[in-house]
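Report on the following structure.
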Amino acid sequence: MTSDTDTDETWENLIENFKPRLRELISVNRVLDYIDFMKPAQKEQIRQKARTDGDIAAADLLINVVITKPHNTGWFNVFVDALLNSGCVHAADYMQGNLPEPEVEAENDYCVLLIRLLSPSLVKMKTQEVCVHCLAQELINPEDSERITAEIRNNGSISGARELLSIIVRGRPGWFSKFLQILRETEHKHLYEQSCGRETYDHYFYLNVIRFCLSDPLLCITDGANPAAAARGPESNDIVLRDYQEEVARPALEGKNIIICLPTGSGKTRVAVYITKKHLDGRRAEGQSGKVVVLVNKIPLVEQHYSAEFLPFLRSSYKVERVSGDSQLKISFTEIVKKNDVIICTAQILENYLERSNSGEDEGVNLSDLTLIVIDECHHTQKGGVYNHIMMRYLKQKHKNRRLMKEQKEPVPLPQILGLTASPGVGGATKMEKAEEHILRICANLDASKIMTRSLGEHKKEPRKITLTVEDRKADPFGDVIKKIMNAIHAHADLSPTCDLGSQNYEQWVVQKERIAATEENQKVRVCADHLRQYSEGLNLSNTIRMRDAFGFLKKYHEEELKRKTSPDDDQNIKITVTERFLFNLFEENKEELQRLADIPQYENDSLSKLRGKILQEFSSREEARGIIFTKTRRSAIALSQWIQENPKFADIGVKAAYVIGGGDQSVVKPMTSAEQKDVLKKFGNGDINLLIATTVAEEGLDIPACNFVIRYGLVTNEIAMIQAKGRGRAEDSSYTLVEVKNSGVVEKECVNEYRTKMMDKAIDKIRALNQADYDKRIIEFQFQAIMEEKVRMTKKKQKDMNENPSEVKFSCRGCSKHVCTGEDIQIIENMHRVNVTTQFSELFIRRENAALQERLLDYETNELIACKDCGQKWGSMMVHRGIECPCLHVKNFVVTFNGKKISKCTKWSELAVRFSAFDYAEHANRVVDSSDDEETA
């Protein structure tokens, strides 16, 4: 008999599979009206998403909430009924198994695309009249009609037309012919003809539609940069390519935009160096200068590509330079571009200078200054990524160039594009069609005329794969004590979790409780939820690393919390609430027992035992072992490294371990600087270190040669990461081992990734098998869509940035709910740092030393934390900007009230649609000088 859990999982999978369709077909606000199993706060969050980011983004969030466990009884039927009752009948069809035939679905997609393309003309219709006919033809329902009429009355006919079009395209297939008939009956002859004016709609006819769109300068986009083929210079003897490398490089040597997709360790970067040299040689032979920019997405890759690849092969003929956030170069990036032939840099630097040029604020860089852009790890050229921002500028200019040529004007020159990747992935696709679409979108974003890949043949190195499953502990007294503490906190705060303690669902539940409690000023629940989150983390750590390390984490957290309640000068009485005292005492009462249990080896997790055995086997069976262990968190990477270093058995067989973690400061664990990362990788490269414990920072791009075993310890992300991690095992007879960790689900995820990898390979083969005309047609479609989506995004961004009054934003302490300031008190430095330099604010906080935050940047430095004087809640840091101390606020430490409504989740300043005033350095400096003069006089 099928259990409710199995049935729920079936419904979840069904919704997940059709998520791309549902996103397009759901009318969010109306569906929410009919869903009763969601909490009001969740509904408001989704409605807010619809207001700020649009229906599709909000539909994404709605679907995620719907499929999130735990489920109420009958939740799926409620969801389907909500779709039906809200008029989203086509979406309901997918949920009820009433699927259209593939050709009908494809035809409907074309109709939707056509309406979107012609929307600028169609919105000029006589909306009210068309609305009446659409209601009669049942293209809309009475509620739709009222909504459209209200929109016409409030915002005009064009706005009403947009609402009408957005509703009808969500309908069941067949709506298009009815809509054409309505246009004809309502005497919109020009719109009827422009919308094709025929009852049937097929693929051949769609080609004519595309031709029509291409003839319109407002819609057109060219189908290739078509630069002249690069002239061949003298053959180079110092770069020798293998047969498969020469084959994938060939189209790029002809001046075409391509993506090269080869496995990690197969020499993609060397191919890029070869193409760069031939490109520069060719331009030099024609009497023209070349300018190549190599873009990477991580700072360590800048130095790696510069020192190991581009500089050695090119410096005899060309000037090569590198630039990143770590660079000490004192001249501007613009000057570096002018003075050098090849520039290796992080993508954000190029984007910043392209934006400078675009805004006219400062000297910048134009795409026309460059002749070749090499994009490393180009699978990141997707929505929201910096690569995609750069390529969107490219596509827009390409679009304008066609118009300029029509007007017989000189087009703006664009660089050739070369993308490099080990795996484009499938974007979470479960069907071949969606996998193809994902890869084609990346090709479109990079304006690639081809995706080049090839079997490596005899050069292929496929590691042996081993999976180590683990057994549950026979007894877990350490975990039982943590759970006892957690249940005592639940009772104290009247909380009733419905999921397993320590599970991912529990983590989500407790985070949500903390956010809601903060907005409701319920400090009892908020502080309890915060402690529960730490205990949940401790429980997970005990399943991954040693119990003593998990205990050390909990002990350190409580010490930091107690320290937070102590004034550094002992002259300020920081309040400790009854709940906080209860929580501190609860840990103290159980501390000795936790410490005693943590030192009993028989209770350690089986994952650690399996990992120990695997490391010993690798180092005792190989003459020269060198490996990487990938783990999920920075904390586990550090703890595993320490565990190995402290174990004499590992030292006896020559294990020399170190860890490498990320450089971002989003984690509570101190990040690694770029110099520290380089030092560890250098030692690993020369053999001083032979076992690297790494987070995902080492999965992608970093050149780690001659590694003969890879272990993924309780960490599986997606198919791209799996391919890249496997590719780290580049030596002969290398192995790839997956070690299971409780609650990680890594074995199941790995199976999914293997399936997706096979699907990706098949999808690439199918794309490569397309004839060029069909491929170009699909690329053009996706580029149209990308440009239109970008226009919509920019319009929304402008609307979001406009007219929001800073006085409408209020900030209160997350720890004690005390009012702190309003948006009028906040100023912004370098469009990045939000500071409050008012006298009133300076009286509300205390300072603490922060050893982990010893930053030294060009114009400012930070080395102190600021915290609430009443409760000790951290508020931000004290930065020194050009000699002036400025308290810098971190918004995640406050409860934000915006236009009278409290925002439960606000972790980034970018989430606030408010434009703060710029920091006036001169005014504040003058005030500081006057103040110091007054003190001296006194």
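All heavy atoms count here, side chains included; hydrogens, waters and symmetry mates do not. Computed from a predicted model, the values in this text were never measured in an experiment.
Remark: Arg322 engages Glu303 in a salt bridge, criterion side-chain N to carboxylate O under 4.0 Å. A salt bridge is defined here as a Lys NZ or Arg NE, NH1 or NH2 lying under 4.0 Å from an Asp or Glu carboxylate O, and Glu624 with Arg626 meets this definition. Checked for salt-bridge contact, Lys338 and Glu335 meet the test: a charged N lies under 4.0 Å from a carboxylate O. The pair Arg635-Glu537 counts as a salt bridge, with a side-chain nitrogen and a carboxylate oxygen less than 4.0 angstrom apart. Looking at Glu885 and Arg847, a side-chain N of the basic residue comes within less than 4.0 Å of a carboxylate O on the acidic one, giving a salt bridge.
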Chi angles and distances behind the salt bridge (charged side-chain N to carboxylate O under 4.0 Å, His left out) call for Glu559, Lys556: CA-CA 5 Å; Glu559 287 172 350; Lys556 184 177 179 182; over 6 Å; no
Evaluation steps, salt bridge (charged side-chain N to carboxylate O under 4.0 Å, His left out), between Lys874 and Glu560: CA-CA 11 Å; Lys874 177 183 169 184; Glu560 290 292 326; over 6 Å; no
From CA spacing to verdict: side-chain hydrogen bond (donor to acceptor under 3.5 Å, both in side chains), Gln348, Asn352: CA-CA 6 Å; Gln348 190 62 54; Asn352 290 347; 2.9 Å; yes
side-chain contact (heavy atoms from CB on, under 4.5 Å) evaluation trace for Leu541 with Leu554: CA-CA 10 Å; Leu541 287 172; Leu554 291 173; over 6 Å; no
Check against side-chain hydrogen bond (donor to acceptor under 3.5 Å, both in side chains), Thr631 and Ser636: CA-CA 7 Å; Thr631 187; Ser636 60; 2.8 Å; yes
Worked verdict on Glu864 versus Arg848 for salt bridge (charged side-chain N to carboxylate O under 4.0 Å, His left out): CA-CA 6 Å; Glu864 284 185 314; Arg848 297 187 189 281; over 6 Å; no
Phe684/Leu691 under side-chain contact (heavy atoms from CB on, under 4.5 Å): CA gap, chis, key distance, verdict: CA-CA 8 Å; Phe684 186 71; Leu691 182 59; 5.8 Å; no
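Judged by a 6.0 Å distance limit and a 45° cone about the ring axis, Arg548 is not positioned over the six-membered ring of Phe551.
Distance check: Arg356 CZ to Glu351 CD gives 12.0 Å after rounding to the nearest 0.5 Å. Within the model, atoms NE2 of His379 and CG of Leu420 stand 11.0 Å from one another, a figure rounded to the nearest 0.5 Å.
Residues meeting the ring pair (Phe, Tyr, Trp, His ring centres under 6.0 Å) test with Tyr306, sequence neighbours left out: none. When the salt bridge (Lys or Arg N to Asp or Glu O under 4.0 Å) test is applied to Lys291, no partner is found at least two apart in sequence or on another chain. Taking the salt bridge (Lys or Arg N to Asp or Glu O under 4.0 Å) definition, one finds that Lys555 meets it with nothing, sequence neighbours left out. The ring pair (Phe, Tyr, Trp, His ring centres under 6.0 Å) test applied to Trp909 returns Phe811, Phe916, not counting sequence neighbours. Judged as a ring pair (Phe, Tyr, Trp, His ring centres under 6.0 Å), and not counting sequence neighbours, the contacts of Tyr535 are His558.
Side-chain contact between Thr907 and Val891 is absent, with no heavy-atom pair separated by less than 4.5 Å. The closest side-chain heavy-atom distance from Ile661 to Ile638 is below 4.5 Å. For the pair Glu321/Val342, no side-chain contact is recorded, criterion being any heavy-atom separation below 4.5 Å from C-beta on. Residues Gln642 and Ile545 are not in side-chain contact: their nearest non-hydrogen atoms beyond the backbone lie 4.5 Å or more apart. Counting heavy atoms from C-beta outward, Ile711 and Val739 have side chains that approach closer than 4.5 Å. Between Ile239 and Val273, some side-chain heavy-atom pair lies under the 4.5 Å cut-off. Between Leu370 and Val337 the shortest side-chain heavy-atom distance falls below 4.5 Å. In this structure the side chain of His279 never reaches within 4.5 angstrom of the side chain of Leu418, judged on heavy atoms.
Taking a 6.0 Å sphere around CG of Asn831, one finds it holds 12 or fewer heavy atoms contributed by other residues, nucleotides or ligands. Other residues, nucleotides and ligands contribute at most 12 non-hydrogen atoms within 6.0 Å of the CZ atom of Arg533.
Put simply, the side chain of Ser423 gets close to the backbone of Gly425: a donor and an acceptor are under 3.5 Å apart. Using modelled atom types, one side-chain atom of Arg834 and one backbone atom of Met832 make a donor-acceptor pair closer than 3.5 Å. Of the possible donor and acceptor atoms, one in the side chain of Gln645 sits under 3.5 Å from a partner among the backbone N and O of Ala657. Under the 3.5 Å distance criterion, the side-chain polar atoms of Glu604 are left unmatched by any main-chain donor or acceptor of Pro601. Thr421 places no side-chain N or O within donor-acceptor distance of the main-chain N or O of Glu377, the cut-off being under 3.5 Å. No donor-acceptor pair under 3.5 Å is formed between the side chain of Lys683 and the backbone N or O of Ile689. Listed for the Ser542 side chain is a donor-acceptor partner under 3.5 Å among the backbone atoms of Leu539. At distances below 3.5 Å, at least one donor-acceptor pair connects side-chain atoms of Asn340 with backbone N or O atoms of Ile336. In terms of modelled atom types and a separation under 3.5 Å, the side chain of Gln534 and the main chain of Tyr557 share no donor-acceptor contact.
Counting all heavy atoms, side chain and backbone alike, Ala658 lies closest to Val680 at CB-CG1, 4.2 Å. Between Leu608 and Trp643, the closest heavy-atom pair is O-CH2, 3.8 Å. The heavy-atom pair separating Tyr713 from Asn605 by the smallest distance is OH-OD1, 3.9 Å. When all heavy atoms are compared, the tightest approach of Lys656 to Asn690 is N-OD1, 2.7 Å. Counting all heavy atoms, side chain and backbone alike, Val271 lies closest to Ala249 at CG1-CB, 3.7 Å. Phe310 and Thr276 get closest at one heavy-atom pair: CE2-OG1, 3.6 Å.
Among the candidates Ile344, Leu301, Val294, the single residue satisfying the side-chain contact (heavy atoms from CB on, under 4.5 Å) test with Asp376 is Leu301.
Residues Ser735 and Glu618 bring a donor and an acceptor atom of their side chains to less than 3.5 Å of each other.
Using the six-membered ring where Trp is involved, Tyr387 and His380 have ring planes that are tilted, between 30° and 60° apart.
Residue pairs meeting the salt bridge (charged side-chain N to carboxylate O under 4.0 Å, His left out) criterion with at least one partner in residues 641-653, sequence neighbours excluded, are Arg546-Glu646.
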